[in-house]
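Reading through the structure tokens given below for one structure.
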Amino acid sequence: MNIDIFMEKLGQCYKQWDSPVITLIAKRKSDPFLILVSTIISLRTKDEVTIKASQRLYEKIKTPHDAVQSGHEAIAKMIYPAGFYPTKAKRIVEISRILLEKYDGKVPSDMNDLLALPGVGRKTANLVLIEAFGKAAICVDTHVHRISNRTGYVKTDSPDATEMALRKKLPLKYWKMYNEILVAFGQKLCRPVSPWCSKCPVSEMCRKKGVIKSR
DNA sequence: AAAACGGGGGC
DNA sequence: GCCCCAGTTTT
């Protein structure tokens, strides 16, 4: 698979796939704390729910100090019915406390510092590095993992392995856009089951074409 | 390696 | 009704 042609073709379709959560995050580009919080809320949660939950939270919570003062029970109510909302609420408060204690109330821009925060894994940390700090990073969620393997661009058995493979193989100029485009692509067409292969702009490059049930 | 965490939406 | 979903932590 030629990655340049792949990115070119997907990029042309990107506008119509525009992901609401990425748009939401983009609007908060100037505020790493709100980006981090909305990313936490988005985990294993549908876009529409994430957006409403984030907007309710943003009305009251704008800083780590707000979050600590508000407490996890109040935050849980604000972000309901986002998935795992009680756990996420506790982690938002706990993270806020750590930010105040160790980082002067600011979100760190270092990968290892981010990973040390409770509830922050590689996916979240990479997305924050990209969206909040404009750093070159590769964020692999299940969409990116699935599609990278369907195209045969990498052959891995876990999102973390996919990230490491992409770090070696993917040209640096694509690092920031790869996640956004593939997530949108994964939601609209290249879904886990019944991918919409008849509408896919890159189906001729797909090693799974004809192997998985499509429409 | 597998379960647990929570609820909405697709089929 | 059953299964899946923009993960991470715990057992």
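Lettering follows sequence order; numbering is per chain, from 1.
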Find the distance [X]:[atom1] to [N]:[atom2] and express it as a whole number of Å.
X	N	atom1	atom2	result
A/Lys88	B/dA4	NZ	P	19 Å
A/Lys77	B/dG7	NZ	C1'	18 Å
A/Asp47	B/dG8	CG	C1'	13 Å
A/Arg44	B/dG9	CZ	P	16 Å
A/Lys46	B/dG6	NZ	C1'	12 Å
A/Asp160	B/dA1	CG	P	13 Å
A/Lys123	C/dT9	NZ	C1'	16 Å
A/Tyr85	B/dC5	OH	C1'	11 Å

Could you work out the separation of [N] and [M] based on their [atom1] atoms and round it to a whole Å?
N	M	atom1	value
B/dG6	C/dT11	P	14 Å
B/dC5	C/dG1	P	23 Å
B/dA3	C/dC3	P	15 Å

Say whether, by atom type as modelled, one donor and one acceptor occur between the side chain of A/Arg91 and the main chain of A/Pro118 under 3.5 angstrom. no
Checking the side chain of A/Lys199 only, and the main-chain atoms of A/Leu189 only, is there a donor and an acceptor separated by less than 3.5 Å? no
Would you classify [X] as touching base, sugar-phosphate or nothing, given that sugar-phosphate means primed atoms plus P, OP1 and OP2, and contacts are heavy atoms under 4.0 Å?
X	value
A/Gly83	base
A/Pro159	nothing
A/Val144	nothing
A/Phe84	base
A/Leu117	sugar-phosphate

A/Leu43 with A/Val140, same ILVMFWY side-chain cluster at under 4.5 Å: no
Honestly curious: do A/Ile40 and A/Val68 fall in one hydrophobic cluster under the side-chain, below-4.5 Å linking rule? no
Nucleotide nearest A/Leu43 (side chain, heavy atoms from C-beta), chosen from B/dG8, C/dT8, C/dC5: C/dT8
Among B/dG8, B/dG6, C/dT8, the nucleotide that comes nearest once only the side chain of A/Thr87 is considered: B/dG6
First encountered from the 5' end of DNA chain C, between A/Arg146 and A/Arg91: A/Arg146
Reckon A/Thr45 has a side-chain N or O less than 4.0 Å from the OP1 or OP2 of B/dG8? no
Residue-phosphate contact under 4.0 Å: A/Tyr80 side-chain N/O, B/dG8 OP1/OP2: yes
Going by distance alone, is a donor N or O of one side chain under 3.5 Å from an acceptor N or O of the other, for A/Tyr85 and A/Thr45? no
Watson-Crick or G-U wobble mate for B/dG6, both contacts under 3.5 Å: none
Interatomic distance, OG1@A/Thr50 vs CZ@A/Arg44, rounded to 0.5 Å, equals 12.0 Å
